[in-house]
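Only one structure is covered here, and it is reproduced in the block below.
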Amino acid sequence: MKELQESINFIEHIIEEDLANGFPKEKLRFRFPPEPNGYLHIGHAASICLNFGLGEKYNAPVNLRFDDTNPAKEEQEYVDAIKNDIAWLGFKWANECYASDYFQQLYDWAVDLIKVGKAYVDQQSSEEIASQKGTPTSPGTDSPFRNRPIGESLDLFERMKNGEFPAGSYVLRAKVDMSSPNMHMRDPILYRVIHAHHHRTGGDWCVYPMYDWAHGESDYIEQVSHSLCTLEFKAHRELYDWYLDQIWDPKLLRPKQREFARRNLSYTVMSKRKLLELVQKNIVASWDDPRMPTISGLRRRGYTPTSIRKFSDLAGIAKRDNVTDVSLLEFCIREDLNKTATRVMAVLNPVKLVITNYPEGQSETLHLENNPEEPNSGTHEVPFSRELYIEREDFKEDGGKNFFRLSLGNEVRLKSAYIIKGESVVKDDAGKIQEIHCTYDPDSRSGSGTAASERKVKGTLHWVSIPHAIKAEVREYDRLFLDEAPDAHEDKSFLEFVNPDSLNVIKEAYLEPYLSHATLADKFQFQRLGYFTLDPDSKDGQLVFNKTVGLRDTWAKQSTKTPTQNQTKSKPTNQQQGQRKALNEIQQIGKKLTNLSGDKLETAIKSIKEFSQEVTYEELEPLFNTAAKKVGTRIAVMLALGVLLEKGQDKTQVVIDFIEAGKADGNDILRTEAEKLI
RNA sequence: UGACCGAUGGUGUAACUGGCAACACGUCUGAUUUUGGUUCAGAAGAGUCUAGGUUCGAGCCCUAGUCGGUCAACCA
């Protein structure tokens, strides 16, 4: 019996291999190392879920370590936000660490490096240092201070630390290799002078370690076994290892860095710098604007921790560049909310509905299921009366066959209430519908058990009772960018693709009164519309709801014959195909040829012949060498050759040889086609 | 014109030391449904960037290309 084994990613493969090679499981340890200079986004969630997920899987500790080595950019506000986000996602860190906790140790090690001649103080300008660095294709040159006496470097470094020099005046550099093909090895800077207030160490330090120096050594201090980071740090690995070599005690664990691809999401950007720009330019209101791909933005939008973790899980971890479709994220939140959200009714674009045979002044209390997916979720009360609001889109005077909603002369059910029939409309001078008049079947009340209540009608509408309804603001969101990968255009700024209609505010929506008790923690499904949650902007009596995501809507998809998403998506593909050369088409079709038969085979052969009209002999000839086993391609080439011969191509020896080879082949189709060309 | 990564349906990932290319999203049918939701049943869609090679057998191995990414901050 085959066990259905859950597939593991390449990082887990590495860990499994280490374990298999004798690495003790109890020494596994991970870390999530954010720099507190911005808010976490859905891309970070991939890293968080990877590291903490590994911790859960192997029962290993995971540290939260703030990489706070640059006081100019980092703030306590970000530390707090990051901790909040990770905790919200449901992860627990073993230790809350800071690179700044290790400043003294790092400094001491740096002094040791100087003492053994592996570091020196340089006093050139950053421009000079940069120009000496060379380029990826040409080696660098040594700094004139590279061989400064050890004692002098020691003295200068101490004075740097003591604040005797202005920022930018001196740096401490590692003495590695100025001609290394790896730019990071060309005497990288270990320390620079910065006079700025640090969020934790205040004014204690005037020198701050660079990333490479701080990061690997922090991993070592914390005895992190697997230090996982994104691909752009791949080139840093050599330096990471070199630094470790200088201080590593073989009795202790030696961390190892491995890299994975960062996660991108379609129709948004995923870099802190760009997200910050959106905030600063007021394109969005804040870091937690519900349109932002930040964890805080998604939270405010109504996403749940479960949905984000599920997304990270489904999206996976690998090493190639990627743009994950937002539809996967949307699937994850719908899946979660479908199981958990309380069903309520709300009308966003109202039109008045009058039930003419329902007694004026009367009202009654009906019961609405809280969640049909959850049998024990109970019901809540919803008032019903003679005058209701329904969605304007839910009525058409003459709906036609495929319109399942209310129209004149037709019956629909009002959700959890009665079956009604459209009778007439009242319009204003402009022809806009003011009221819809209908009659109801008093015996059809939902749940009454009568035959009338169990009648089948085409559609069911949501509604709210006008005299009982409460008003609220509802904010609907669309993708922030109109382009699938807004920051992938070399010639254009991502800002050019901002969607001007990403926010739609409905000032007056009508909700059933049950929603007056909504809290920020509640998740609702506005029936037939989508999932909604309360926004923190809400005040007493002034509720504001955010639309998290709409329900799947196959009807809208059918009726709007221009599904924008798919069209924009398929366009480039079509263009590419349109531009693809005829020869490539032939090869492509040819590959499958041997798997086809009957009509499909005929069609394939026909289209190969069509494409052959656009192929020159010069293009085709190289394919005569196609390996014998690639029969499909050879058949395709044979077919194309046939077309060229018909057009007057000479039968050279090369051609004859190819045909003869075809005649001798074991494949029937190839033989037949070859014989036709004798 | 260097070094290092990467390339599998529209998208994201699988395929343990070579053995019928799998899963999810998305798309399309049909059934069920007091949400045009959910659920259920099914379908289409790639022969694994190209060309050679090794092998009984290659997405996995070898060779040569092509395309994409990363690397020259006193950022991380």
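We name chains A, B, ... by the order of the sequence lines, and we start the count at 1 in each one.
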With a 3.5 Å cut-off and just heavy-atom distances, do the side chain of [X] and the base of [N] make a donor-acceptor pair?
{"X": "A:E259", "N": "B:rG6", "answer": "no"}
{"X": "A:E454", "N": "B:rU34", "answer": "no"}
{"X": "A:R343", "N": "B:rU35", "answer": "yes"}
{"X": "A:T137", "N": "B:rU1", "answer": "no"}

On a whole-Å scale, what distance lies between the [atom1] atoms belonging to [N] and [M]?
{"N": "B:rC56", "M": "B:rA15", "atom1": "P", "result": "27 Å"}
{"N": "B:rU39", "M": "B:rA46", "atom1": "P", "result": "27 Å"}
{"N": "B:rU35", "M": "B:rC67", "atom1": "C1'", "result": "48 Å"}
{"N": "B:rG9", "M": "B:rA24", "atom1": "C1'", "result": "13 Å"}
{"N": "B:rC49", "M": "B:rA58", "atom1": "P", "result": "15 Å"}
{"N": "B:rA22", "M": "B:rU48", "atom1": "P", "result": "14 Å"}
{"N": "B:rC23", "M": "B:rU8", "atom1": "C1'", "result": "13 Å"}
{"N": "B:rA64", "M": "B:rG12", "atom1": "P", "result": "29 Å"}

Sugar-phosphate, base or nothing in reach of [X], heavy atoms under 4.0 Å:
{"X": "A:V457", "value": "nothing"}
{"X": "A:R405", "value": "base"}
{"X": "A:R413", "value": "base"}
{"X": "A:G459", "value": "nothing"}
{"X": "A:E330", "value": "nothing"}
{"X": "A:F403", "value": "base"}
{"X": "A:K415", "value": "base"}

Ring centres under 6.0 angstrom apart ([X], [Y]):
{"X": "A:F384", "Y": "A:Y418", "result": "yes"}
{"X": "A:Y170", "Y": "A:Y191", "result": "no"}
{"X": "A:H236", "Y": "A:F233", "result": "yes"}
{"X": "A:F404", "Y": "A:W555", "result": "no"}
{"X": "A:F103", "Y": "A:H198", "result": "yes"}

Could you tell me whether the phosphate oxygens of [N], OP1 or OP2, come under 4.0 Å of any side-chain nitrogen or oxygen in [X]?
{"X": "A:K456", "N": "B:rU34", "value": "yes"}
{"X": "A:R455", "N": "B:rU34", "value": "no"}
{"X": "A:T554", "N": "B:rG37", "value": "yes"}

Salt bridge (Lys or Arg N to Asp or Glu O under 4.0 Å) assessment of A:R186 paired with A:D177: CA-CA 5 Å; A:R186 325 247 256 229; A:D177 178 7; over 6 Å; no
Euclidean distance, A:L366 CG relative to A:S416 OG, rounded to 0.5 Å: 7.5 Å
SB check A:E259 A:K319 (cutoff 4.0 Å): no
Contact pattern, 5' to 3', of nucleotides 66-76 of chain B - B, S or - by protein heavy atom under 4.0 Å: ---SSSB-BSB
Smallest separation among heavy atoms of A:H41 and A:L275, with atom names: CD2-CD1, 3.8 Å
Nearest-angstrom distance from the residue atom [atom1] of [X] to [atom2] of [N]:
{"X": "A:Q525", "N": "B:rG37", "atom1": "CD", "atom2": "P", "result": "11 Å"}
{"X": "A:K319", "N": "B:rG12", "atom1": "NZ", "atom2": "P", "result": "18 Å"}
{"X": "A:D336", "N": "B:rG37", "atom1": "CG", "atom2": "C1'", "result": "16 Å"}
{"X": "A:N402", "N": "B:rG36", "atom1": "CG", "atom2": "P", "result": "14 Å"}
{"X": "A:F311", "N": "B:rG26", "atom1": "CZ", "atom2": "P", "result": "13 Å"}
{"X": "A:I390", "N": "B:rU34", "atom1": "CD1", "atom2": "C1'", "result": "16 Å"}

Which nucleotides of RNA chain B pair, in dot-bracket form (Watson-Crick or G-U under 3.5 Å, | meaning another strand): .((((((..((((.....[..)))).(((((.......))))).....(((((..]....))))))))))).....
Worked check of salt bridge (Lys or Arg N to Asp or Glu O under 4.0 Å) between A:K339 and A:E374: CA-CA 7 Å; A:K339 286 186 287 202; A:E374 183 56 66; over 6 Å; no
Residue of the set A:Y303, A:Y531, A:F532 for which side chain to side chain contact (heavy atoms under 4.5 Å, CB included) holds with A:L337: A:Y531
From CA spacing to verdict: salt bridge (Lys or Arg N to Asp or Glu O under 4.0 Å), A:R455, A:D441: CA-CA 11 Å; A:R455 271 162 52 210; A:D441 175 353; 2.7 Å; yes
Side chains of A:N371 and A:E373, donor plus acceptor under 3.5 Å: no
B:rA24 pyrimidine/purine six-ring stacking with A:F331, under 5.5 Å and 30°: no
Find every protein N or O atom lying less than 3.5 Å from an N or O atom of nucleotides 14-18 of chain B, and list the pairs.
residue	atom	partner	partner atom	Å
B:rA14	OP1	A:I317	O	3.0
B:rA15	OP1	A:H13	NE2	3.1

Syn/anti state of B:rG47 by chi, 90° boundary around 0: syn
Exam field: side chain A:R146 to backbone A:D187, donor-acceptor pair closer than 3.5 Å: no
